[in-house]
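Reading through the structure tokens given below for one structure.
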Amino acid sequence: MIHSLFLINASGDIFLEKHWKSVVSRSVCDYFFEAQERATEPENVPPVIPTPHHYLISVLRHHIYFVAVIQSEVPPLFVIEFLHRVVDTFQDYFGVCTEAAIKDNVVVVYELLEEMLDNGFPLATESNILKELIKPPTILRTMVNTITGSTNVGEQLPTGQLSVVPWRRTGVKYTNNEAYFDVVEEIDAIIDKSGSTITAEIQGVIDACVKLTGMPDLTLSFMNPRLLDDVSFHPCVRFKRWEAERILSFIPPDGNFRLLSYHVSSQNLVAIPVYVKHNITFREGSSQGRFDLTLGPKQTMGKAVESVLVSSQLPRGVLNANLNPSQGTYTFDPVTKLLTWDVGKINPQKLPSLKGTMSLQAGASKPDENPTINIQFKIQQMAISGLKVNRLDMYGEKYKPFKGIKYMTKAGKFQAGLPDKWTLEYIKTELLHKEIRIN
Amino acid sequence: MPYLGGEETVRELRRALSNPNVQSDPLRYRNTILKVIRTMSQGVDVSGLFSEMVKACATVDVVQKKLVYVFLCSYATLNPELSLLVINSLRKDCQDPNPMVRSLALRNMTNLRLPSLVEYVEQPLTAGLRDRAACVRRVAVLGWAKLHNLQPSSEIDAVVVNELYSLLRDPDPVVMVNCLRALEEILKEEGGVAINKPITHHLLNRLKECDIWGQCEVLRVLQRYRPQSEDELFDILSLLDSFLVSPHPPVMAATLSLFLSVSSSLPAVSLAALERVSGPLLAACGSGSREMRFAAVCHIQLLLRSVPGLLGVHYKRFFCGYAEPAYIKERKMQVLVELVNDENVAMILDELKGYCTDVNTDTAQAAISAIGRIGRSYSDRCLQILTGLLGLKQDHITSAVVQTMRDLVWVCPQCSDTVCLALEGCEETLQDIQGRQALLWLLGVYGERISSAPYTLEVLIDGVRSEASLGIKMELLTATMRLFLCRPAETQDMLGRLLHYCIEETTDMCMRDQALLYYRLLHCGIEETRKVLQGRRSDPSLGVLIGRPTKPVSQWARCFNTLEPLSQGAVEAESASRGNSSTDGLASSITAPLSLSLSPAVSPEDFEHLWLQRQALHTERECVRCPAVLHCSPQSLQAAMQLVNIQTLAFTPQHTLPWRVYLYTHTLSEDGQEEEEGIKVTLNQQPRDDDALRQFLTVLTTVLNTLSSEKD
């Protein structure tokens, strides 16, 4: 199926090659280089390049082309998915998947590729199993290996290979059985000057850390599963059950994994957790401007808004700002005109504010009065979409596990203040593109 | 610099490898071998170290073994004699108590790819098939396939084949899948592994246990199976249903492929499957990986050939992201063109308009031609956009717009007025050959309506000596000839100059011949010339047909989930055959005894008017006996009718009953209303002429008969 794999960097050097069926000469990549030259940008190289005797299917990730050489008809989706799996595995092993990392770990790379394909057919691709066959390199292990002379190859036959569930190894044992789930949501919003929401949406993930003995079968149900749009699951989740009952039922992989990621669109009434009141005025002909900004919590269900950081790009005409924060510290960079205000925690009794004057360049025309204001914050113990886990049950094992669920909301791209016409257009198109991507 | 200083490195490595001090220290030994592999991966030829590496193979250290094997497998073919030494230690490893060492040894033994070693390998492989560790069996099974590849001519023992067949029932799913893969390769001559009912059911039942790669493989092999009864078919389909909406695109695609191949006799089932799969396919279109998105969009294009309305509501998903690569944008635009309908046309055109100014010129041009394609159904809006784009005065945009207009005018002649107006002045911005050729063609054909046409041509004729492109010169010649026919006074002088240049000065034979032909043609008289040059323009009756005919699923099912949809360029890049060549006119001689004519064509509105008006007067009902033409497509009917100069004006959608077709021809105006089983023809004629009527009916029956016989 997959004859050979070439790794090519952005400047067109082959820095690694691996052959499974027969050795294919490097010259086959000339066709790829031709296409690379024709493409104006690196990502414009077409993913499938036909050559007289082979097909080259390539995937570009982390500025590296992974080029698979194919000699017969294959399902293209299959090869593309496999190449992505290879990259994911490298990333999993080395933390980053860069040319340097691959070159440094060339031996592990060869071992991995050898295990992942045999005779061109995928063999072991689950990171769980691979990690038992070939231990990932860590600094500590490299040191220990150097001293003791032991190897990073597992001596034992990986038990997971006999497991019916490919993502979980058998014979897992823990003294403390625990399962933790983190619901993390990022809210993207644009709010106009009057405080009404132009657009808002939520990207959420549920990350899990499961350390359970044996072969547990978990079910997790939500109070309000209909909230979720556009969900993507870890392969372990039984999709049928979700479709029918909106319940997540799965045999979890061992350790850390991302159970699902989802998207809550603006139709589902996204509550905005903070509001901003600002008043920035410049008078015609005067070299002074007034700056007044107040923040406050809104619909946070009593939870504190923490780690608040406000930043704003002030107009170019502003020379300096002399402001007085009611709490926290602010900085103004006169070169980039970037104002940042580290607020900290918002106290609902005493709202944080930043007031003062700005000095303008003499003779400059009246600058735009509506700079956009970006806000970052965190809210612990709350998922802003209102998503709540109802129950977590375990079947298939006798013991009683310790269960924990944590919620957290963060600001993603959170902008306030009515942007001028141009930015509004820009943001609109950007959002449109984003919406398309999400859709 | 890997290619330089290679020899020095190799010498150094050899010294280190043969140093007894290094050999006695396992760590240093391994590090040296590591260095060899690194050098190898940089492209240096280290084959000279083969004998040293063979020695290093005899070790208990698994990592060192692996490294040496990597080396040996790359260079074994260059040193077949020395490789013989390795076999011994490999065979010893095959007896190792550790299953990992056994599988490693077995795998590398088969990876050496030396025909001379086959006899040593067969015995451990046979033992490997019965090993109690699954991972050894996995390797052994594939090992046989590798052996077969090595000597494709030699037969693999029937005993082994039987054993592989029995291993299809192995408890380990990977062994099962590998067996399938191996048998597929070994039995390639016989058409692959035999797929009968028990094997199929066994494979289907175990499909869930396999990993996604295995599932794809099994699904692919099962495509050869033909269910024996309808019940069995539906059992299989319902079993596969959950895979159809698998979150993994490869599995989903493989399942759909299988669905389409087993249910090829049941079009309704295929269509239902397409509908079910549209969700996951759309999800794949939004996947994080560009390549996956690309592959998914390409496959959606296939689906749309059969079910054009399938994704109409989801058109927004095919809007291009700003940072998407050009190849995806191009495909997405092709999909958008297919998805246009009355509701979304404004949105889609608005979006496409944005792409026309893309920095990437290919994307911009693709967007412009996409607008042109939409223009066939929504010409006013599109022409407005296209004319607006001309105002940008960008070289590549103008060129694409002019080419698009040329293609559009050919299909929709009613647009010609707007196009003629828009063309004024754009010759200044045009730079590239294709754009100028298109402009010349338009100037030639519609010259009488473009006031500045002769002046534009004159400038070009004055500069013809410095013109490099032959294509432009030829086009210029034809255009000037055509313009001469409608505006002789302004063109005569320059045509003379051009012909003189072409006949006397130019060295290109092709061009000279063409010019001579025109010259002699002019001698024959102006009427003769007109007949040749202005023979057949685009056919106004083509204008009614909009959109592509839907094709049956079976037509493309075969290439679903293969490389074909990805590698073929723009789906059937439409090249409208324009009346470029002067011989066109001669072809359209009329063969029917009754002389029918197409010109002047009636517009659909006029026809409707006439039809309603005359229906009241007199109607003639005739029943023509003719095999059912019900299943012939409107397009072929139209083409056939056109041959005998009957204009097809309109028809009802294909599956409505009775299916009506409205036809029109000039000497008499008729109309046909056709029904299943014999056709009822309603004729409106003015003035009444029974003789002509009879003849018309003969013509019509002949055409219909020919059509239906073609169909069989």
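A, B, ... follow the sequence lines: proteins, then strands. Residue 1 opens every chain. Only heavy atoms go into these numbers, but all of them, side chains included; no hydrogens, no water, no symmetry mates.
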Exercise for the section: Below 4.5 Å from any heavy atom of chain A, which atoms of Asp362(B) appear? Answer side chain, backbone, both or neither. Expected result: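 Contact with chain A is absent: no heavy atom of Asp362(B) under 4.5 Å.
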
Problem - chain A contact via Asn178(B) - side chain, backbone, both or neither, heavy atoms under 4.5 Å - result: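 Just the side chain, heavy atoms under 4.5 Å.
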
Between [options], who has the most heavy-atom pairs with chain B when the cutoff is under 4.5 Å?
options	answer
Ile70(A), Val59(A), Val79(A)	Val59(A)
Glu81(A), Arg85(A), Lys103(A)	Glu81(A)
Leu16(A), Val45(A), Leu83(A), Val237(A)	Val45(A)

Handout entry: Side-chain (Arg290(B)) to main-chain (Leu60(A)) donor-acceptor, under 3.5 angstrom
Key =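 Present.
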
Problem - Donor-acceptor under 3.5 Å (Arg181(B) side chain, Met1(A) main chain) - result: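 Checked: no pair found.
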
Exercise for the section: Counting only heavy atoms closer than 4.5 Å, note whether Phe82(A) contacts chain B via side chain, backbone, both or neither. Expected result: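 Looking at Phe82(A), backbone and side chain both touch chain B.
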
Handout entry: Glu43(A) versus Tyr327(B), closest heavy-atom pair with distance
Key =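 What the structure gives for the nearest pair is O-CE2, 3.3 Å.
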
Exercise for the section: State, to 0.1 Å, how close Pro76(A) and Leu563(B) come at their nearest heavy-atom pair, and which atoms those are. Expected result: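 Minimum heavy-atom separation between Pro76(A) and Leu563(B): CB-CD2, 3.8 Å.
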
Problem - Arg61(A) and Glu291(B) ion-paired at < 4.0 Å - result: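 No, no charged N to carboxylate O under 4.0 Å.
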
Exercise for the section: Look at Arg107(B) together with Glu115(A) and state whether they make a salt bridge at an N to O cut-off of under 4.0 Å. Expected result: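 Yes, charged N to carboxylate O under 4.0 Å.
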
Exercise for the section: Give, for atom CD of Glu185(B) and atom OG of Ser72(A), the distance between the pair rounded to the nearest 0.5 Å. Expected result: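 Output value for this atom pair is 8.0 Å.
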
